[in-house]
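Report on the following structure.
What you see is a predicted model; the values in this text were computed from it and never measured. Below, all heavy atoms of this structure are taken into account, side chains as well, without hydrogens, waters or symmetry copies.
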Amino acid sequence: MSQRHTALRSLHDLGLAAWFGGTLMGAIGVNGAAAKYAEPRQRLRLASKGWSRWTPVNAAAIGSHLIGATGELVTESPRVALQSGVGKMSIAKAGLTAAALGTTAYSRRLGKRIEQADGMASEGITEPGEESQQIASEQRQLKVLQWAIPVLTGALIIVTALAGEQQKPRQVVKGVFKQARKASKPSNMRRMAQLIQRAR
């Protein structure tokens with residue numbers, strides 16, 4: 001499309017970058033450093049405090065991304081309807097976003113439960129110790145989720161790159177003509193012609 005939506009793209013990309021980068025750093029840096037702390041009874045506290053400080057920033061990043069993603073979907077709706085492949089990409093992106101949101105929310109819920117075990121000796125925030133068996137289930141789940149979130153948000157970045165490639169003029173024209181074979185109504189053909197004109 002020839003129109004620019006710099007603000008929406010910036011909200012989308014910056015929010016997603018912070019969401020991905022923050023959770024990856026948290027898994028490696030916050031959780032990893034806390035697990036190496038000399039005092040076992042302070043490990044849960046250190047990690048929990050680090051994640052608590054990040055939570056509001058992460059929420060703002062996710063909100064920014066969702067605003068940008070929604071705005072882009074609205075502004076690019078003609079391509080979703082008329083360019084082959086864009087609809088499937090949008091569905092995949094929505095599915096990944098929903099999965100990442102659910103995983104992030106559940107991960108935070110587990111983190112809040114672990115925070116309540118403050119002062120309990122543990123191998124790490126995701127590794128149970130002898131004293132932390134009552135929260136061992138939450139810790140094991142969190143061990144998986146801390147990597148699931150960067151994987152899902154990383155996949156979103158890849159899908160976003162694909163979406164950018166689909167917006168190249170040649171790809172728009174190719175996709176529109178491919179879709180035209182499936183929909184030959186005059187009204188659809190006119191809309192496709194308009195879309196091709198804008199892509200030039």
Roughly how far, to the nearest 0.5 Å, is [atom2] of [Y] from [atom1] of [X]?
X      : Y      : atom1 : atom2 : value
Ile149 : Ser107 : CD1   : OG    : 4.0 Å
Arg9   : Thr160 : CZ    : OG1   : 10.0 Å
Gln141 : Ile114 : CD    : CD1   : 9.0 Å
Ile62  : Leu16  : CD1   : CG    : 10.0 Å
Ser48  : Lys112 : OG    : NZ    : 9.0 Å

Any heavy-atom pair between the side chains of [Y] and [X] that's under 4.5 Å?
X      : Y      : value
Leu66  : Thr97  : yes
Pro128 : Ile135 : no
Lys143 : Glu127 : yes
Trp147 : Ile28  : yes
Gln116 : Glu138 : no
Arg113 : Leu110 : yes

Do Met25 and Val30 pass the side-chain contact (heavy atoms from CB on, under 4.5 Å) test, and can you show the C-alpha distance, the side-chain angles, and the key distance before you say yes or no? CA-CA 7 Å; Met25 189 286 300; Val30 176; 4.1 Å; yes
Would [X] and [Y] show up in the same hydrophobic cluster when neighbours are defined by side-chain heavy atoms closer than 4.5 Å?
X      : Y      : value
Leu162 : Val151 : no
Leu46  : Met120 : no
Leu142 : Tyr106 : yes
Ile67  : Leu14  : no

What are the two closest non-hydrogen atoms of [X] and [Y], and how far apart are they?
X      : Y      : answer
Ser64  : Leu11  : OG-O, 2.9 Å
Leu73  : Ser90  : CD1-OG, 4.2 Å
Gln146 : Pro150 : O-CD, 3.1 Å
Asn31  : Ala47  : OD1-CB, 4.1 Å
Leu96  : Leu152 : CD2-CD2, 4.0 Å

Between [X] and [Y], does any side-chain donor sit less than 3.5 Å from a side-chain acceptor?
X      : Y     : result
Trp51  : Asn58 : no
Thr104 : Trp19 : yes
Glu115 : Ser52 : yes

Next item on the list: Considering only NZ, NE, NH1 and NH2 on the basic side and carboxylate oxygens on the acidic side, decide whether Arg41 and Glu131 come within less than 4.0 Å.
Entry: yes
Got a donor-acceptor contact below 3.5 angstrom from the [X] side chain to the [Y] backbone?
X      : Y      : value
His65  : His12  : yes
Gln139 : Gly124 : yes
Thr23  : Phe20  : yes
Thr75  : Glu72  : yes
Arg43  : Ile125 : no

Note to self: Can you confirm whether more than 12 heavy atoms, excluding those of Glu39, are under 6.0 Å from its CD atom?
What the structure shows: yes
